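One structure is given below, encoded as structure tokens.
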Amino acid sequence: MAATTAPASQPSSQQPPPPTAEAVLRQASRDPSAAAAHLPELPPDALADILSSLSAASLADHLALLPLSPSPSAASAALAALLSAPTWPSATLLAVASLLRDLPPAYRSRVPAFLGKILSLLPGADAQDLPAIAYQLLLLASKPLHPRAVLAGLLRFFGGRRGARVRAPPSIARQVEGTVLLNFAFVVKQDPVLTREVLAAVKADAAGALSGFAVAVLLSVARVRRFNEGAVGVLRDAAAVSRRDYRMSRRCKWLPDCMEEELARGTQCVEKGLLKAVDESIAGREHVLPSIVQVGFLLLEVLDGDRTEEAGLGEGAMGTEEIGITMLSSLFEIHEMARTEIIEQCKFRILSAKPQQSAPVLRLLGCLIRGHPFPILEYIAHLKELLDYFSFMNDKISTGLISCILPLTKFSRDLKDYIILVVRKAMFKKEDMVRIAATNAIVELIIAESRRNEANSFEDSSSQPSSSQQPETRLEFGRGLFQELSGLLRRCLSQQTSVKEVLYEGLIRIATSDPAIAGNVLDFLWPHFLNYYTEDGECPLKISLCFKLENAKLCLVEPLDSLLSCISRILQIQQNSKCERPHDAYKCFGFAASQDIEAGRTSSSDLFVKALSSIQKYLRISLTEYQRGQSQDTGSLASPSEMAHCHSLAMLGIIEVFVDFAASKLEKASDESKEMIEKEILGLVDAHSGFERKTSNCREKIARKRGNAGDAIDKHTNEPKENSNASLQKLHEKRGKFVDSSLYELSVMCVKQCNADSYNNCSQRPSQTKSSQSSYLVSFVLKAFLELFKSLATKDSGNFRIKLYENLKKLMQPIMQLIWRLLLDSNQENGGTKRNMTQGKKNTECKKDQLYLALACLKELLKPSVSDQSSDIIEVIISSAPPNIEDMLQASELDKNDTTMVEDRSIKNVHVLLSILKMLYARVLSQSLLRESEVVTELILDISRKLHLEQRHLLGNWATDLCRKKTMQSPSMAREVVKLAIHLTAAPDDMILVCEIAAELKKLMTSEKDNSRDSSDTFHIVNCKTKSSLAAVCLQMVELSLTELDWGLGKLKAMLILGYSSANIDEDQPADERTQRLALEEALYSRSTLVVHALSSFAHMSLKDTQSDHFLKLTAKFYKLLTRMSKSQIAPKGYTQSIPSLKFQKLAEVTSRMLTSPLYDFVSSVQENQETPRKVNLAKIRRESKCIPDLIYQIEDYEKYLIQLSKLTKVNLLRHAKRSVARDFWIEDKSGEQQQEEDHTAANAVPSDDEPDEDAGGSNSPGEPYADENASESEHDEDAGGLKAPVEANADENTRSSIPCGSPTQESESDEEEEMLAQRKRAKTKQIVQDSDEEVEDE
């Protein structure tokens, strides 16, 4: 018995003892998975002790036991205690991040809380643990467990949002960020689903501001082929949208200041993020180089629509093109491996893209060549391949390409020879534009060679080795290249007029760049000049040879005025150059003989001087005879009208050339000769005025002969409109033949003549001839300066600044004295004596034209002046004003409300200039000068941008007073004054002004027959003649406000999405973001309320057809915006619904009471007007058949979401809603058959008598319209004082249900199908609006 029991008791004695809590924890420190297997063996008390001992300070291996615990209650308590800990060590963060993805399903509900805790504690974690934590979180996102929240949190932390940053030195932080980026790159390559989440998270992050880390993540994602387009598209859109938002924030007056600062910060953040990605690509991130190149060229393709905007982006902000060029230029400098790809992309895009898209790439190529010429030399072969397509490019692109490549020719002679070869081939192409581009290329090549020689001469003078290397090569190089290419240039002399004009301008530039070549250029021109010049004839110029008859049209063969201007300029350049000789040998014309006179041979410069003297003598005699009324012996007056027109146009240019000749001699002439020269100039200008009148008359005759006399001259600009003879038109437009010195002398002479005329007017009776000549001279000089300022404005800022500041004071002071004389001349003639009334009218019109030209000069002078230049130019303008200008301003009492003390001189000058313009504006308004008022309006608007907000507010008050007190009969002038007042007035007063004007217009434009009012008592500018024009202005301002509201609503939606995504991670949104969102909401709703007030006035007006259509479209657009506002107030599923703000409730109430109800009456009145039989009635019906149904649809869609919001918030937002009375939109046809009317009556009889179904679960009858359903809901709301759930449920279930035409009583099943087909046919023919069951989501 003992033997049998002993073996039985032996196994029990060999069993291991049960594990203890300490043993399990020790084993967990070595192997957590093995320790987890012993947890079920522990006693309940020991297991509870282990779980309770786990805390934030526990070891990471111990925390791994939590999800493996067999006791769910104890594990839940331990997890709750861990969540309640205020801080966690870095090891705990890593441990919790690693165990979250392995949590059993029972604990998955706690993942969002733990995730939010981890992301909130990341700023306090150690730098070396951050890559591991980020990697574990990425693994959690790929599970997938809350991927959007994980990615948003990581982007927010590493992107530096909300003050978060890595606690480490910059070098360590860069390494940590690089490691995390490698983790992102690995994840996006392995998991396509997670990559989509990354793109979505970055898009949401870009709504705030795209950070540098997010840019780097997108560049990594772009390396995946299937996601390349989406990733680079996000970067491109982020840059473009940030710039667009920045511009809108500067233009939107009602935007809160905090939002303006946030948008400016976001713009700079995107800019820094893109540039930071390039700078840090050298630190182990070479894998993103192809993505950076792709993004850079995409930014160049973004069409910046506001590039020519008056304010641009402003200081401290770069455009998308500038960012792209900076990125690619930096990348080209840093990474040698990226250079080939950049050059290849430049070549491909220049050849394949449109000219508008190729221009930024050309600018990039120019920056690369100027900044990095030696690395570019390795890619000469690529540039040669690009040059092979020179003849097939756009002329501007081909010319720009040569300009970009020319700096390389001083390092590569082979490249220069290749350019010459390409240009030679292009010169023989049949396309005019190709030959023009080739001519420009030759000119640029010669000029570049001349500048290079000049630079070498300076280097030779300072460096002995340089002088020994290339002795005496300066003159030979410049002349040699010109002589080498003169054959190609001579070919241009036999080309079309456009090619010749380009050549003549280029020859002037060549002589200007190197005066030593001037003699060669004159030798080149002399044989060609002999074709149109003769010494034997009575008339030295063969003007008739400059035109030819081709295809029954006169065509210009030789631009003789351009040729003469080119010769005169080159002679002046030769005279003023260092190689000139004493100029007293040819006193008859004022030019010096050439240095290169050889024995027995007369130089070309002498021949040209003699020829020009002969032409000048002939003009003096012939113009004198012309003034006496005698005919000229040129045969032109006896020719047909078109030939006379051509002759007059040619004479205009020739006279301008010789006026420039004469003016160039004034500076060095003696007093006696100066008087003779001035008399000669007055005669030439007088003849010029006569030829202008003759040209205008000929143009009218030609247009009348062709049947379009009304289209000959533009009434506003007094300029010829486009006609079929393009060459003659171009000849008429070609001006600007004056050099700066000649313009200066002409302006001084003009001021002198005006002073003499003023003295004669006061002392004695003035001579009518002298007065007319002085007036013609003033107009002539103003036109010349206007062309000069326009030419300066078209050039780039660098050349403009150099050109302007070199002779700014000398050139501007006399012309500004003349302009001030015209601007401040209040004693304009309004007529004359009875004996000379006609001449008085002419003088008045001449004074008006001169005033307009003076204002146009001032506008063009200030147009290119931005930021730093404007203050200097205004300083010169004010310094040229008369000494008594301050007394005149005090007498005008325009600044009596301006009590601000201005100490800054530049701001004071702006105030003075604005005061003068205000005084001038009152004058042009009193005289009803439309053109002048438009120019003054533009000047005031441009200059007012430089004022502070308070001073601009005073200016707006002045403009508003004009609208209240000034009576006008001209609709155009009234429109300009109201626009000025609205633009100068700050928000919200600008929209209040629109509402007040609309309210006054309502009193004059009502449909009541007993309305006998002719004008407004509040705004004198509103009267029967101006009401239609002012109504159009108000609608334009409303449309502008709707555009701004649309943009602001998009920003609000992005902020709401960002706030909801923050709620997934943190409990509360940051206070600054919440404040910005609330401020934007309040501004949006306040602005929308003002728009409601403005539109409500138009709903009571009797508008014209076009204005009625415009009003209906604007109202439909506004209700669509209101729908989006209502949808934004509805919280997504799973989030707490907040009560709408008081501003929104007020907006809903005002809209329903003031706009929706009158709109139904307006629609009814519009449809009643369709009964009037008119020819245009059909077109009107077609327009309204689209506008009215869309409007009613948008109203009901808006009210639908108001019902949903009211249900969720228990706030009745439809207390003042009105039942729709115009729902079916039948187009009534009185001439139709009686059967159709009976069908229509039967179709609508059933739903009109039925009551809406009150059962929420019931379905509506087929004939019950949706409008009755909405109306019944509103009636329930008003009766009960609240909302009933069944009605709203019914509204939600039957939203936008389709509206049948009607369902008559059916007698059999066979007739049912026929009736349905008939209903569909009637629905199509009568254009009944039918809604769909799908809800259209706004993008």
Side-chain angles (χ1 to χ4, degrees), residues 250-257 260 310-311 823-824 855 858-859 862 867 870-871 874-875 877-878 881 885-926 933-968 973-997 1018-1021 1033 1037 1040-1041 1083 1086-1087 1090:
R250 298 182 63 191
R251 190 170 57 194
C252 190
K253 296 187 288 186
W254 52 269
L255 196 67
D257 296 337
E260 293 185 12
E310 66 277 358
L823 297 184
L824 302 177
L855 290 171
L858 196 61
K859 185 187 73 171
L862 292 173
S867 64
S870 60
S871 59
I874 294 177
E875 175 72 23
I877 292 174
I878 297 300
I885 186 66
E886 296 184 358
D887 298 336
M888 297 177 63
L889 294 178
Q890 291 178 1
S892 63
E893 297 183 356
L894 289 174
D895 291 337
K896 58 184 179 181
N897 295 327
D898 191 357
T899 59
T900 58
M901 300 298 294
V902 181
E903 299 180 357
D904 189 2
R905 183 170 180 82
S906 61
I907 301 297
K908 185 177 181 181
N909 290 333
V910 172
H911 275 270
V912 173
L913 185 57
L914 277 175
S915 300
I916 297 171
L917 291 176
K918 289 192 292 185
M919 181 176 61
L920 182 63
Y921 197 56
R923 171 180 144 196
V924 298
L925 289 180
S926 62
S933 64
E934 292 177 353
V935 178
V936 178
T937 300
E938 294 180 10
L939 283 170
I940 293 176
L941 286 175
D942 292 338
I943 299 175
S944 64
R945 295 187 178 94
K946 302 175 179 61
L947 297 177
H948 297 296
L949 186 61
E950 298 82 4
Q951 297 157 350
R952 201 179 307 166
H953 181 68
L954 294 175
L955 196 61
N957 292 338
W958 164 78
T960 305
D961 290 339
L962 285 180
C963 298
R964 296 181 184 275
K965 301 177 182 179
K966 198 74 175 178
T967 302
M968 299 181 190
M973 295 190 66
R975 179 176 63 249
E976 294 298 326
V977 174
V978 171
K979 281 185 178 180
L980 178 65
I982 295 173
H983 286 299
L984 290 178
T985 307
D989 296 336
D990 58 340
M991 205 62 198
I992 294 176
L993 178 61
V994 174
C995 296
E996 293 177 352
I997 294 177
T1018 306
F1019 291 90
H1020 294 175
I1021 199 172
V1033 172
M1037 295 300 106
L1040 180 62
S1041 295
S1086 300
R1087 191 73 173 182
L1090 292 176

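This structure is a prediction, so every number in the text was calculated from the model and none was measured.
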Which value, rounded to the nearest 0.5 Å, describes the distance between Leu1090 atom CG and Ser1041 atom OG? 8.5 Å
Would Lys966 and Val977 count as a side-chain contact (heavy atoms from CB on, under 4.5 Å) here? Give the steps. CA-CA 10 Å; Lys966 198 74 175 178; Val977 174; over 6 Å; no
Check the pair Phe1019, Leu993 against side-chain contact (heavy atoms from CB on, under 4.5 Å), reporting the backbone distance first and the verdict last. CA-CA 10 Å; Phe1019 291 90; Leu993 178 61; 3.7 Å; yes
Under 4.0 Å between a side-chain nitrogen and a carboxylate oxygen: does that hold for Asp990 and Arg1087? yes
Taken to the nearest 0.5 Å, the spacing of Ile997 CD1 from Thr960 OG1 works out to 8.0 Å
Pair Glu996 + Arg964, salt bridge at N-O below 4.0 Å: yes
So which of His1020, Glu976, Met973 actually passes side chain to side chain contact (heavy atoms under 4.5 Å, CB included) with Met968? Met973
Min side-chain heavy-atom separation Met991-Thr985 under 4.5 Å: no
Measure across Leu939 and Lys859 and return the closest heavy-atom pair with its distance rounded to 0.1 Å. CD2-CA, 3.6 Å
Within the 4.5 Å heavy-atom criterion, are Lys253 and Pro988 side-chain neighbours or not? no
Value rounded to 0.5 Å, distance of CD1 in Ile940 from OG in Ser933: 10.0 Å
Would the distance check show the side chain of Ser944 and the main-chain N or O of Leu941 forming a donor-acceptor pair, the cut-off being under 3.5 Å? yes
Check: Leu862 and Ile943 side chains under 4.5 Å, non-hydrogen atoms: yes
Of the non-hydrogen atoms in Ala981 and Ala959, which two are nearest, and what is the gap between them? CA-CB, 3.5 Å
Worked verdict on Leu914 versus Trp958 for side-chain contact (heavy atoms from CB on, under 4.5 Å): CA-CA 12 Å; Leu914 277 175; Trp958 164 78; over 6 Å; no
Would you give the length of the straight line joining atom CD1 of Ile1021 to atom NZ of Lys965, rounded to the nearest 0.5 angstrom? 14.0 Å
Hey, could you give me the CD/CG distance between Glu934 and Leu855, rounded to the nearest 0.5 Å? 11.5 Å
Apply side-chain contact (heavy atoms from CB on, under 4.5 Å) to the pair Leu955 and Lys918, showing each step before the final yes or no. CA-CA 9 Å; Leu955 196 61; Lys918 289 192 292 185; 3.6 Å; yes
About how many Å separate OG1 of Thr937 and NE2 of His983, when rounded to the nearest 0.5 Å? 10.0 Å
